[in-house]
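Everything on this sheet refers to the single structure shown next.
Residue numbers start at 1 and run along the sequence shown. Ligands are counted one by one from 1 in listed order, and the atoms in each one are counted from 1 as well. Since this is a predicted model, take the numbers as computed values, not measurements.
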Amino acid sequence: MILPSHLTIKDDHLTIREHDMVALADRFGTPLYVTDEDRIAWNYHQYHEALTSRYPDIRILYAAKANGNLAVLRVLASLGAGADVFSSGELHLALAAGMKPASLLFNGSSKSPPDLALAVEKGVPVSVDSLDELHQLDAVAGVAGKKAEIAFRVNPALDVPTHPKIATGLATSKFGIAHNLIPAAYREALACDHIVPAGIHCHIGSQILSVEPFARACEVMIRIAAEISDIGVHLKFIDLGGGLGIPYHRSEDRAPTPAEYAEAVVPVFRKGIEAAGITPSLWVEPGRSLVADSTVLLTRVNSIKKAHRTFVNVDAGFNLLIRPAMYDAYHEVIAANKAGREGTTLCTVAGPICETGDILAFDRLLPDPCAGDTLALLDCGAYGFAMSSQYNSRPRCPEVMLRGDAAALMRRGETISDLTCTMQNLPWQERS
Ligand SMILES: *Cc1c(COP(=O)(O)O)cnc(C)c1O
């Protein structure tokens with residue numbers, strides 16, 4: 001297996017730089033999410049360098065839904081990132097992390113009246129997903145006596161090679177407005193009293209392992225940008241969304257680097273805007289490719305069961321990492337306490353949840369698995385903890401952040417009282 005450069009094996013233990021994963025599991029308990037701040041910063045710099053070296057006026061909006069821990073948002077804020085926020089909660093977190101309202105974009109296909117009011121109040125640009133939403137936003141801004149900056153979310157009707165649950169730019173997806181209806185939408189926006197059309201937005205999907213679909217999406221966006229500029233829209237930004245994949249199959253996959261992404265997209269962008277005579281800022285919204293590989297999920301083996309297959313029963317399940325169950329996703333598994341040893345036994349890594357589908361990994365070779373081993377699931381920093389739940393009444397696990405040689409909790413583990421603290425005693429039930 002080819003490990004990312006911040007992961008190494010030292011004295012048979014898996015380490016993130018100098019940090020021993022077995023020691024961290026002992027210190028903080030398992031299950032445990034461990035995130036490397038230095039890796040997030042490195043990933044951000046790759047993007048920043050790749051884009052700014054090809055076009056100076058860019059903005060990186062981190063897709064906050066990938067990992068919404070405030071500590072992660074603060075790291076990215078301090079590096080200069082804005083954020084793609086998809087809910088009022090994400091908007092509040094991004095502001096709390098120190099991001100400026102103008103560096104956010106409020107995305108989403110189904111925003112509530114309070115969502116729209118919050119965006120207007122804070123001055124956060126909105127990616128508008130329907131004409132109904134446009135007019136609601138216009139009204140909300142009118143009541144507040146403000147103007148709302150918007151982009152329309154374009155559905156470019158592109159078939160993108162990824163899992164169907166994360167392809168968002170198909171003609172049949174719930175997201176965006178069909179590309180052929182976009183110029184009419186901008187005309188309607190120009191006629192609104194409290195709307196300022198400022199940008200244009202798309203996002204074609206997630207975990208995309210080829211740069212070609214991004215270049216095609218950019219072509220569509222540039223074509224529309226030229227068209228709407230002609231009808232009087234002054235475009236401040238063109239936002240191409242996120243979606244660059246990562247090599248979850250560490251031995252087989254090859255994911256494009258941010259430099260390869262930029263090399264495919266920026267020339268298309270530049271050529272298009274030069275032809276149209278416009279100078280918008282180029283925005284991108286990476287989520288997974290900024291944070292996924294920064295994080296491992298550590299889980300302890302409770303028991304081994306030799307049945308029709310060898311089950312390695314661990315203490316983390318789809319309550320903490322739902323990607324295998326939801327997307328048939330693959331995460332590499334390393335026995336952190338025997339990391340230097342060859343795999344001997346074909347294992348199925350199973351979680352503790354009362355569901356047949358609670359399998360984290362199928363058919364992996366692990367070295368002589370036994371109770372007490374610490375397994376590390378790699379590449380869990382995106383859509384990992386962020387999609388966790390308390391299903392089966394399991395308190396969520398803690399999250400630790402590493403920076404240099406320091407390690408600290410960025411989220412404490414939940415306790416049993418965290419399970420009950422929002423529950424109410426009904427007046428007609430006697431308390432025992
Ligand atoms: C999810 C999402 C992203 C980020 O996608 P990744 O695959 O994590 O890079 C960006 N923009 C929008 C609108 C999204 O919904």
Side-chain angles (χ1 to χ4, degrees), residues 40 43-44 46-47 50-51 59-68 72-73 76 81-87 89-91 94 103-111 115 119 124-130 133 150-156 158 160-170 173-177 199-211 213-214 217-218 221 237-248 253 255-258 261-262 265 282-295 322-323 326-327 329 379-387:
I40 295 175
N43 288 338
Y44 181 86
Q46 300 303 305
Y47 260 102
L51 293 167
R59 180 172 287 163
I60 298 171
L61 287 83
Y62 165 59
K65 73 178 187 287
N67 187 330
V72 171
L73 288 162
L76 286 155
D84 144 35
V85 298
F86 223 87
S87 68
E90 289 180 4
L91 192 157
S103 72
L104 309 181
L105 186 67
F106 197 154
N107 289 318
S109 54
S110 183
K111 301 182 197 78
D115 290 337
V124 173
V126 178
S127 173
V128 172
D129 205 278
S130 66
E133 185 179 288
I150 66 134
F152 281 111
R153 167 84 177 249
V154 177
N155 183 329
L158 287 179
V160 168
T162 187
H163 191 283
K165 282 186 185 157
I166 49 178
T168 56
L170 305 173
S173 123
K174 73 169 180 175
F175 296 106
I177 296 177
I200 184 164
H201 174 224
C202 78
H203 170 68
I204 57 174
S206 199
Q207 186 51 17
I208 299 168
L209 289 176
S210 135
V211 293
F214 296 108
C218 185
M221 295 291 281
F237 64 87
I238 297 178
D239 182 343
L240 297 178
L244 200 60
I246 68 137
Y248 285 107
D253 289 350
T257 61
Y261 168 85
V265 166
L282 169 60
W283 291 13
V284 292
E285 301 176 334
R288 188 190 311 271
S289 49
L290 285 177
V291 294
D293 69 6
S294 70
T295 301
I322 205 171
R323 298 190 66 262
M326 185 144 156
Y327 309 118
D379 301 312
C380 291
Y383 312 107
F385 193 98
M387 295 178 97

Requested in this report: Take Ile40 and Val72 through the test side chain to side chain contact (heavy atoms under 4.5 Å, CB included) and record every step on the way to the result.
Outcome: CA-CA 8 Å; Ile40 295 175; Val72 171; 4.2 Å; yes

**Report entry** Residue and atom name of the nearest protein heavy atom (relative to atom 8 (O) of ligand 1), distance in Å to one decimal
**Finding:** Tyr383 OH, 2.5 Å

Requested in this report: Under 4.0 Å, heavy atoms only, figure out whether ligand 1 is touched by the backbone of Ser206, its side chain, both or neither.
Outcome: both

**Report entry** Sub-4.0 Å atoms of ligand 1 with respect to non-hydrogen atoms of Pro286
**Finding:** 9 (O)

Query raised in the report: Within less than 4.0 angstrom of ligand 1, does Ser289 place any heavy atom?
Result: no

Report summary line: For Gly287, the ligand 1 atoms with a heavy-atom partner under 4.0 Å come out as 4 (C), 6 (P), 8 (O), 9 (O)

Requested in this report: Could you please spell out the steps behind the side chain to side chain contact (heavy atoms under 4.5 Å, CB included) verdict for Leu51 and Ile60?
Outcome: CA-CA 9 Å; Leu51 293 167; Ile60 298 171; 4.2 Å; yes

Query raised in the report: Under 3.5 Å, N or O to N or O, is Gly243 touching ligand 1 that way?
Result: yes

Query - Contacting atoms of ligand 1, where contact means under 4.0 angstrom from a heavy atom of Ala63 - result: 3 (C), 4 (C), 10 (C)

Query raised in the report: Among side-chain atoms of Arg288 and Ser206, is any donor-acceptor pair under 3.5 angstrom?
Result: yes

Report task. Within a distance under 4.0 Å of any heavy atom of Asn107, pick out the atoms of ligand 1 and give their elements. Result -> 13 (C)

Query raised in the report: Side chain or backbone of Glu285 under 4.0 Å from ligand 1, or both, or neither, by non-hydrogen atoms?
Result: both

Report summary line: Nearest non-hydrogen protein atom to atom 5 (O) of ligand 1, with distance, is His203 CE1, 3.4 Å

Query - Atoms in ligand 1 flagged as close to Arg288, the criterion being non-hydrogen separation under 4.0 Å - result: 6 (P), 8 (O), 9 (O)

Query raised in the report: Looking at CG of Asp115 and OG of Ser87, how far apart are the two atoms once the value is rounded to the nearest 0.5 Å?
Result: 7.5 Å

**Report entry** Protein contact of atom 1 (C) of ligand 1 - nearest heavy atom, named by residue and atom, plus distance
**Finding:** Lys65 NZ, 1.2 Å

Report task. Answer yes when Lys65 and Glu90 have at least one side-chain N-carboxylate O distance shorter than 4.0 Å, and no when they do not. Result -> no

Query - Phe237 and Trp283 aromatic ring geometry - parallel, tilted or perpendicular at 30°/60° bounds - result: parallel

Report summary line: Within 4.0 Å of some non-hydrogen atom of Arg153, the atoms of ligand 1 are 13 (C)

Query - Shortest protein contact, atom 12 (C) of ligand 1 (heavy atom only) - result: Asp84 OD2, 3.2 Å

Query raised in the report: Does Asp239 reach the main-chain N or O of His201 with its side chain, forming a donor-acceptor pair under 3.5 Å?
Result: no

Report task. Report yes if the side chains of Leu240 and Cys218 come closer than 4.5 Å at any heavy-atom pair, otherwise no. Result -> yes

**Report entry** Approximate separation, where rounding is to 0.5 Å, of Leu244 CG and Gln207 CD
**Finding:** 8.5 Å

